[in-house]
Undergrad: 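Questions regarding the structure given below will be posed in turn.
Each ligand, and each atom within it, is numbered from 1 in the order the structure gives.
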Amino acid sequence: MSEVEERFAKIKEELMQRVKSTGRNLEDIKIIAVSKGQTIADIEKLTDKKSISAFGESRVQEIRDKNEQLADLSWHMIGHLQRNKVKYLTRMDNCSLIHSLDSYRLAKRIDKRAKMEDRDMSVLAQVNIAKDENKYGIMPEKTIDFVKQVTEFDNLSVKGLMTILPHVEDSEELRPYFAKMKELFEQIKAMDITGVEMKELSMGMSNDYKVAIEEGATMLRLGRAIFGSRAYN
Ligand SMILES: *Cc1c(COP(=O)(O)O)cnc(C)c1O
């Protein structure tokens with residue numbers, strides 16, 4: 001087994017144990033392998049792993065380059081998205097989810113471009129739950145209105161929420177934020193808004209995924225825990 005495969009096997013084992021001890025089901029938690037800054041050779045070692053739901057990238061150019069070099073994978077955009085780059089993603093049939101919807105203007109552009117491709121684009125609303133000045137995302141108190149507002153777009157479908165939390169030494173410090181995300185998620189779900197499906201809660205990265213599992217994440221975005229260190233951060 002290659003180093004990447006070994007690391008992946010190890011993280012899967014840890015993850016399964018945590019899911020079990022939390023009393024959750026493994027089917028309810030999707031692994032997004034964050035391949036930014038990783039080589040094609042390393043990514044190829046994991047493309048046959050059934051437990052990986054999709055590969056995640058935070059730059060449009062990098063998704064496009066890798067998509068050309070790799071067999072048909074499912075890709076997720078997880079980083080901040082500029083409106084002028086939306087067209088490259090809507091043109092990729094295998095770009096199945098954008099985690100980083102953070103403004104009305106971006107929603108409008110995604111809808112427009114998806115319409116031109118005669119497709120539907122699934123998105124998650126990115127919430128700045130920690131109100132971090134250095135992070136993108138909708139403010140938590142504005143999220144419900146935002147989600148309602150973007151239902152006006154026919155070719156864009158909200159499938160859940162996403163958040164990126166600051167890096168801290170002790171991931172326990174992040175537990176209240178994960179809990180607040182889950183609360184907001186359940187609140188919106190209970191509202192049963194037409195056109196909104198609260199299915200996915202994308203939170204938890206290499207440093208804090210264990211806490212995220214306990215607090216109700218359905219999608220984990222794991223980069224370094226799977227691939228090891230990367231070319232950039
Ligand atoms: C890079 C990145 C990740 C993965 O981070 P790791 O610490 O390597 O697990 C997850 N989500 C987003 C939005 C990222 O940009």
Undergrad: Check each atom of ligand 1 against the heavy atoms of Ile164 and keep those under 4.0 Å away; list them by number with element.
TA: 13 (C)
Undergrad: Report yes if some N/O of Met162 lies less than 3.5 Å from some N/O of ligand 1; otherwise report no.
TA: no
Undergrad: Does the side chain of Glu14 reach to within under 4.5 Å of the side chain of Lys210, using non-hydrogen atoms?
TA: yes
Undergrad: Does the residue Arg230 have a heavy-atom contact with ligand 1, meaning some pair of atoms that are separated by less than 4.0 Å?
TA: yes
Undergrad: Mark yes when over 12 heavy atoms from residues, nucleotides or ligands other than Lys108 sit less than 6.0 Å from its NZ; otherwise mark no.
TA: no
Undergrad: Can you list the steps and then say if Phe185 with Phe178 is a ring pair (Phe, Tyr, Trp, His ring centres under 6.0 Å)?
TA: CA-CA 10 Å; Phe185 177 81; Phe178 286 133; over 10 Å; no
Undergrad: Out of all atoms in ligand 1, which are within 4.0 Å of some heavy atom of Arg221? Include the element for each.
TA: 4 (C), 9 (O), 10 (C), 11 (N), 12 (C), 13 (C)
Undergrad: Answer with yes or no whether the side chains of Thr218 and Glu200 bring together a donor and an acceptor at under 3.5 Å.
TA: yes
Undergrad: Suppose I only count heavy atoms of Lys36 and a 4.0 Å limit; which atoms of ligand 1 are within that range?
TA: 1 (C), 2 (C), 3 (C), 14 (C), 15 (O)
Undergrad: Non-hydrogen atoms of Asn207 versus ligand 1: any pair closer than 4.0 Å?
TA: no
Undergrad: So do the side chains of Met219 and His99 get within less than 4.5 Å of each other, counting heavy atoms only?
TA: yes
